[in-house]
Amino acid sequence: MISTPICDFIDRYAAREPVRMHMPGHKGRALTGCEWADITEIGGADSLYAPGGIIRESEKNAARLFGAGQTLYSTEGSSQCIRAMCYLAMLAFAEKAPGVRPAILAGRNAHKAFLTAAALLDFDVVWLYPENSAYSLCRCDLSPGALSAALERTPNGAAVYVTSPDYLGNCADIKALALAAHEKGVPLLVDNAHGAYQAFLQENRHPMALGADLCCDSAHKTLPVLTGGAYLHIGRGAGPVFYSGAREGMALFGSTSPSYLILRSLDQANRDLAGDYPERLGALAEALEGMKGRLRARGWGFAGDEPLKVTLETKAFGYTGPEAAACLEKEGVVCEYADPDYLVLMPAAESSGEDLRRAEGALAVLQRRPALGMGPPGLCVPERVMPIREAILSPRAVLPAGQAVGRVCGGLPVACPPAVSPVVPGERIGRETAGICRYYGIESITVVK
Ligand SMILES: Cc1ncc(COP(=O)(O)O)c(C=O)c1O
């Protein structure tokens with residue numbers, strides 16, 4: 001059986017009922033009930049940013065389970081890992097091309113953590129715009145051919161960064177994109193925040209199995225892990241700088257007080273993943289296929305190809321996403337995400353058969369209505385005026401989206417979720433872009449003064 005060294009240490013420690021003359025201030029006494037396990041980096045508890053004991057052992061277990069060359073735990077979500085991945089790309093590029101200003105080629109549906117990384121690390125971004133004909137803020141289909149061409153045009157390309165799966169459950173062809181990037185000697189970084197579970201599908205679809213050099217997984221999004229728990233995985237074939245610099249990269253963006261509740265949860269998850277998790281996951285994927293089939297027969301259509309997401313195309317059924325979400329909420333079903341076009345349900349292996357029946361039952365309450373004709377606005381490519389860092393650090397003002405037309409974006413105009421921005425800092429806000437912001441519920445934009 002796989003070891004759970006962090007759980008074992010905390011259990012033994014709490015059982016001794018020691019006088020806790022160390023942080024945290026609650027001293028292990030119950031306020032919410034979990035304080036007994038909430039320790040700090042005391043002797044024997046190892047240290048997240050210089051591990052050599054129980055954390056290291058637990059991370060090694062995780063690396064084996066995910067097929068990674070190395071796995072590092074994050075207690076601050078994929079957001080921390082994304083910044084660390086970009087830092088590592090900078091480090092590798094500085095060795096390859098000293099003195100050259102680096103750029104990362106990134107799918108335009110990047111989460112805002114990537115934009116904060118660009119601001120903090122001051123690299124340029126070459127945006128890869130979606131090749132799908134139907135525009136949606138979250139979706140950015142990329143072909144290996146277009147990626148090769150973009151790499152050809154970008155001699156200072158330090159890395160390729162893609163988001164897969166996206167918030168709607170669209171998955172990129174990671175294998176083909178990795179080949180295209182590697183052909184040009186550039187590493188592939190994958191935001192796999194939504195796809196940790198893919199390593200445990202019958203056919204392993206995790207980026208580590210498909211050739212990515214680095215990827216992050218929000219364990220907490222799809223696995224039985226506390227919020228904040230995430231992994232930074234390094235691919236077996238990744239360059240040596242990624243291995244030697246990873247810990248420092250994580251420390252650069254992390255708190256010096258990592259949560260042992262989250263570490264314990266990541267440790268415990270290893271045992272679950274090594275146990276019957278794959279069978280439970282397979283059963284869920286099958287049950288969801290059945291559910292989608294029955295809903296299709298009632299007229300529902302779905303977006304995305306990720307097996308654990310149920311992404312309903314609500315407009316064809318006569319509802320906006322938020323209208324459908326409100327109907328489900330009345331039936332006691334709370335969804336993950338809704339935008340004008342889609343409603344996203346995110347079950348997990350922990351969802352019970354009864355949970356799925358209730359979700360399907362709540363959808364059955366919705367009566368089909370005439371389709372809503374209005375689609376999302378078309379794709380718009382804003383003009384770049386200054387680097388992201390310069391814009392973020394400029395004096396700023398907040399304006400209603402309509403009044404921001406013609407101004408340069410100075411902040412992150414995102415609704416969260418999905419924390420994807422129609423316009424990024426340093427870009428001029430055109431009339432169409434302001435329209436896209438309003439379409440996605442972004443009413444005000446920070447502009448450079
Ligand atoms: C695509 C994507 N990437 C990254 C993140 C950040 O993940 P975390 O919340 O674990 O920091 C999110 C969060 O929702 C996300 O949707």
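This structure is a prediction, so every number in the text was calculated from the model and none was measured. Start at 1 and go down the list; that is how both ligands and their atoms are numbered.
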ask   = Can you check side-chain hydrogen bond (donor to acceptor under 3.5 Å, both in side chains) on Y167 and E336, steps first, answer last?
value = CA-CA 10 Å; Y167 227 106; E336 168 59 29; 2.3 Å; yes

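- Annotation for ligand 1: atoms under 4.0 Å from non-hydrogen atoms of Y167 are 14 (O), 16 (O).
- Residue E350 qualifies as enclosed at atom CD: its count of foreign heavy atoms under 6.0 Å is above 12.
- With a 4.0 Å heavy-atom cut-off, ligand 1 is reached by no atom of D166.
- From the protein, the heavy atom lying nearest to atom 1 (C) of ligand 1 is D191 OD2, 3.5 Å.
- For F200 and F66, the ring centers sit closer than 6.0 Å to each other.
- If you number the atoms of ligand 1 from 1 as listed, the ones under 4.0 Å from a heavy atom of I82 come out as 4 (C).
- The closest approach between Q80 and ligand 1 stays at or above 4.0 Å for every heavy atom of the residue.
- Protein heavy atom closest to atom 16 (O) of ligand 1, with residue, atom name and distance, is H194 NE2, 2.8 Å.
- The ring of Y342 has its center no closer than 6.0 angstrom to the ring center of F302.
- Below 30°, between 30° and 60°, or above 60°: for H233 and H206 the angle between ring planes is above 60°, a perpendicular geometry.
- Looking at H111, K221, H220, E76 and measuring to atom 14 (O) of ligand 1, the nearest heavy atom belongs to K221.
- Using a 4.0 Å cut-off between heavy atoms, S79 contacts ligand 1 through both its backbone and its side chain.
- Contact atoms of ligand 1 toward S218: 7 (O), 8 (P), 10 (O) (distance under 4.0 Å to a heavy atom of the residue).
- No side-chain N or O of N192 forms a donor-acceptor pair with one of S164 less than 3.5 Å apart.
- Ring geometry for Y440 versus Y135: interplanar angle over 60°, hence perpendicular rather than tilted (30 to 60°).
- Backbone and side-chain nitrogen or oxygen atoms of T163 are examined, and none is located within less than 3.5 angstrom of a nitrogen or oxygen of ligand 1.
- Rounded to the nearest 0.5 angstrom, L189 CG and I104 CD1 are separated by 6.5 Å.
- Summary of contacts: the protein heavy atom closest to atom 8 (P) of ligand 1 is S78 N, 3.4 Å.
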